[in-house]
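Lettering of chains follows the sequences in order, A, B, ..., and the numbering in each one begins at 1.
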Amino acid sequence: MNRSELLSRIFVITGIILAIGAPLVFWTRTPLIHARMAENGGWNPDIIQAEVGKPLQLKITSDDVVHGFAVGQMDMQSVDILPGKVSEITLNFDKPGIYTFFCTRWCGLNHWRMRGTIEVSGSSSDPEPVSVPLYVTLNLDIDAPHDAPVIPSGQPSAINGQQLVTNLPINQSTDYYRANSPYQVFDELSSAVLTESERWDLVASIWKSNTTPESLANGQQLYAQNCAACHGENGAGDGVFADDLAASGEASMQTMTGAENMMMQSPVDFTNPTRMLGASPALLQGKILRGGMGTGMPMWGSIFTEEQIWDLIAYLYSFQFEYQN
Amino acid sequence: MRFYFHLLLFVMAGLVVAFAPLPVPPIAPQERTFRIDARQFAYSPSELKVNPGDTVTLQLVSTDVVHGLYVDGYDISIEADPGQSATLTFVADKQGSFRFRCNLTCGAMHPFMIGKLTVGTNNWLFRSLGLATLAVFGALISTKQKA
Amino acid sequence: MTKIELTRNPFIKNALKSRYPQLAVFIVMLVGYIFAILAGLIGTPVGSHNFSIVFVWIAWWAILILVAVPFFGRGWCAVCPIPLPGEWLQRGAVLTPPEKRPKWLNLRVPKMFRNIWLQNISFLLLALFSSVLLTTPNITGIVLAAMLFAAIGLSAIFERRAFCRYLCPVGGFIGLYSQTAPIELRIKDKQICVSCEGKPCYNGSQAGYGCPWDVFPGGLTKNTYCGLCMECIRTCPHDNIAVNLRPFSADLAKPSTRMDEAFKAFIMLGSAMIYAGVLLGPWGAFKDAAYNVGTSAWFIYAVIFLSIIFVILPGFFTLGILKAKSALPLKQRFASLATALIPLGLMFWVAFSLSFVLTNASYIIAALSDPLGLGWNLFGTANAVWQPMLFSILAPAQTLALVGGLIWSARTAQKAANEVKVSSIPVIIYSFIVTSIMLWLLL
Ligand code: SF4
Ligand code: SF4
Ligand SMILES: [Cu+2]
């Protein structure tokens with residue numbers, strides 16, 4: 001073999017080895033977390049180990065559509081995970097425990113199943129007391145029917161109610177508000193010499209006084225991002241996935257979790273007064289925290305902070321009450 | 001010589017067909033709103049017709065994953081998450097047919113998620129058909145002459 | 001008309017004759033090709049951010065259909081990496097022929113396969129799966145690798161480049177359309193060939209290999225099957241091979257009479273129209289059907305696809321030329337007149353590709369910096385946003401291509417009709433109708 005042939009072969013073979021080797025080497029050295037629609041596997045890996053006090057660096061990419069990343073109950077901006085792009089995220093944990101990370105941009109009917117856990121080991125300096133949610137303290141059966149027997153003829157106005165409330169001895173405390181449904185409060189007001197619609201206006205004003213514009217705005221944002229796709233942008237239970245949920249019902253439940261006897265339901269209509277005015281904030285808290293147990297309503301306990309849930313609940317009542325003129 | 005004369009004639013005619021200004025029938029501008037449902041990988045409705053000068057509002061409703069909508073030629077876009085529809089308002093001041101397409105990767109067939117917005121009549125198509133007719137006409141004449 | 005012999009220029013001549021420039025290009029192409037396979041297999045599954053999809057289906061395709069084929073004919077085949085490993089193994093050398101060649105089977109391809117029907121089939125197979133192929137890096141990686149290994153396998157069994165000649169899915173239409181290109185490789189003087197002993201251009205010599213494409217350069221009258229590999233320039237002891245610049249579509253003056261080539265013209269014409277409708281049209285149901293391979297909708301799509309190509313388009317064409325008074329059998333008229341559809345088909349593809357390529361070219365910039373979707377930023381362009389390019393010239397350029405193609409095909413039809421002594425009018429009207437449909441689909 002002459003020299004030029006030999007050299008050429010060396011070039012060719014080096015080229016081939018480089019073309020195969022270089023991508024392989026870089027690929028194995030770049031551990032990525034892959035995000036896929038839940039039907040196609042969700043997060044991979046979906047369990048991540050971390051340690052208290054050590055920054056956790058994550059590189060996440062999406063394999064199909066736009067996803068988002070956030071850790072539940074953590075004060076962080078959610079990060080968009082774009083198809084074919086890599087997002088780098090650094091997390092710091094100061095308490096050990098099991099955290100839930102979840103997808104923040106709707107990626108299909110099963111978007112909410114797209115969750116994973118971060119197991120944070122280590123010890124924390126100040127162990128926090130475990131707080132028991134209000135609905136547990138109150139011993140509420142959150143699956144019991146809670147329809148309001150009486151509903152207002154029009155939308156109760158908090159502004160009108162505010163004018164009445166000043167000259168009446170009415171309990172406006174947060175504890176009272178959270179533990180009672182609007183109908184219960186309406187019912188307790190029956191002793192006062194007021195018309196029905198005045199009583200409903202009063203209820204609305206009590207509900208308003210237990211929230212702030214900031215809370216409502218926060219609740220509205222949480223609602224738009226997490227709830228509107230099923231419950232509808234106007235709360236009417238007619239979100240873009242409402243029909244799919246009802247239709248895919250049983251079949252979807254069987255393939256996803258193996259639960260056979262559960263049925264998907266249509267998302268609740270928050271504009272329905274019978275349903276909403278019979279529900280206390282504590283009851284709604286229970287439903288949101290625990291989820292619908294197979295109805296398609298996700299469990300939000302590991303994701304929202306208590307504060308966020310109260311904000312969200314305050315916003316849900318705004319589908320019933322008129323807070324502004 | 002005659003050949004070149006004819007050629008010149010056809011080229012001139014072609015230029016007229018391609019570029020002659022057309023009278024635009026005056027139509028009072030309207031406001032139009034379309035609700036467009038977006039799913040993987042189609043819009044519905046996928047064909048929109050408006051008149052030149054109309055103020056067009058598109059409400060983009062994503063029904064499965066995050067989608068976008070970009071209008072060719074107008075170079076404007078919006079994106080919508082499921083549950084958070086978005087609206088885009090613009091004045092349809094360019095006449096013709098424009099594709100609108102998803103501009104946020106939404107799965108495999110994303111590059112082909114396409115709809116069509118037609119503003120007024122699609123004049124360029126008719127001009128092109130006119131040019132094609134002219135071309136065929138010329139070809140037929142030259143065949144006749146040779147025969 | 002006049003031809004200009006490019007090889008008269010000593011620089012061009014030496015660059016073509018020497019093996020080193022070619023080898024350098026080969027190595028670069030092969031490395032890129034293998035990288036594309038790897039990218040497809042291990043890179044991000046998101047097509048628009050994966051080197052394999054972006055560089056094969058946007059960059060390569062744009063260069064192939066908008067530049068290489070129209071201007072250089074089989075110019076792509078001259079640098080194509082797919083047959084190289086097989087060819088090198090078959091030859092036992094990367095450069096000049098070695099003293100001892102490896103003992104591969106070196107069989108002759110059976111007569112029944114020595115046409116482009118296999119290429120028609122392989123193209124259609126890819127075409128039917130194109131929605132998946134075009135968008136899924138994995139599949140693209142597998143198909144690219146399969147072609148590489150098929151070429152190696154065929155080189156091991158058969159003589160010369162059996163893969164290129166008879167199986168390559170793109171080779172078929174490149175060959176067909178290369179007839180329109182203004183570049184050709186031809187002999188200079190027929191007499192020299194007649195008296196040449198041993199025909200080293202076909203049989204090989206110390207200086208180089210016998211024509212890998214299994215053509216005898218001395219008999220070349222059209223570009224279709226010459227891969228511009230430049231072996232014959234190296235082997236011809238009489239310096240009788242020239243690369244010429246010539247008028248466009250010179251080969252089409254002598255219409256083909258082969259059925260496989262005639263149907264190739266319909267296959268290409270039809271698939272350009274179907275793609276324009278399915279991929280660029282506003283009809284979601286078509287896209288679903290084309291993408292969901294294996295579902296009943298897809299089977300219906302496949303049946304419609306095939307019947308447009310094999311029944312509807314050739315059917316109306318046949319109806320148009322049926323009545324003509326001619327001594328020639330219908331089959332021969334069909335094959336000859338179908339030549340007129342070659343420039344039209346090429347221009348259909350140009351018009352279709354313009355839209356697809358200009359819209360998505362910005363992906364190339366981003367993929368250059370992050371070819372595998374691993375979060376790299378090699379040239380700082382990884383975050384370039386998707387943005388259609390040159391929109392204002394798109395529609396005029398498409399009209400120009402399509403109406404130009406129509407005129408071109410009308411002229412070709414007249415020549416072909418002259419040759420078989422029938423009227424060209426039905427073919428011209430046919431071309432007008434399909435062009436109108438294409439204009440409607442694209443504009
Ligand atoms: S080697 Fe040259 S002269 Fe001889 S047949 Fe081939 S092309 Fe002709
Ligand atoms: S050897 Fe010559 S004729 Fe044969 S493919 Fe190569 S360039 Fe073409
Ligand atoms: Cu998601």
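By a heavy-atom distance cut of under 4.5 Å, B:R39, B:Q40, B:F41, B:A42, B:S46, B:E47 are the residues of residues 28-49 of chain B near chain C, going up by number. When the heavy atoms of residues 77-96 of chain B are compared with those of chain C, none of the residues falls under 4.5 Å.
Residue C:L394 does not touch chain B at all, counting heavy-atom pairs closer than 4.5 Å. Only the side chain of B:N122 has a heavy atom closer than 4.5 Å to any heavy atom of chain C. In this structure, no portion of C:I58 lies under 4.5 Å from any heavy atom of chain B.
Contact count versus chain B (heavy atoms, under 4.5 Å) is highest, among C:A395, C:A410, C:S431, for C:A395. Counting heavy-atom pairs closer than 4.5 Å to chain B, the top-ranked of the candidates C:L443, C:L400, C:L442 is C:L443. Between chain B and the options C:V278, C:D288, C:T435, the largest number of non-hydrogen pairs under 4.5 Å is found for C:D288. Highest contact tally toward chain B, considering only C:S424, C:P396, C:S355, is held by C:P396 [criterion: heavy-atom pairs under 4.5 Å].
Applying the ring-ring contact (aromatic ring centres under 6.0 Å, His included) test to B:F98 and every residue at least two apart in sequence or in another chain returns B:Y74. The ring-ring contact (aromatic ring centres under 6.0 Å, His included) search around C:F348 returns none, not counting sequence neighbours.
For the pair C:V46 and B:H110, the minimum side-chain heavy-atom distance is 4.5 Å or more. Residues B:M109 and C:L134 are not in side-chain contact: their nearest non-hydrogen atoms beyond the backbone lie 4.5 Å or more apart. For the pair B:F100/C:P282, no side-chain contact is recorded, criterion being any heavy-atom separation below 4.5 Å from C-beta on. A heavy-atom distance below 4.5 Å is found between the side chains of C:T359 and B:R101.
Taking the six-membered ring where the residue is Trp, C:F356 and B:F112 present parallel rings, their angle staying beneath 30° rather than reaching 60°.
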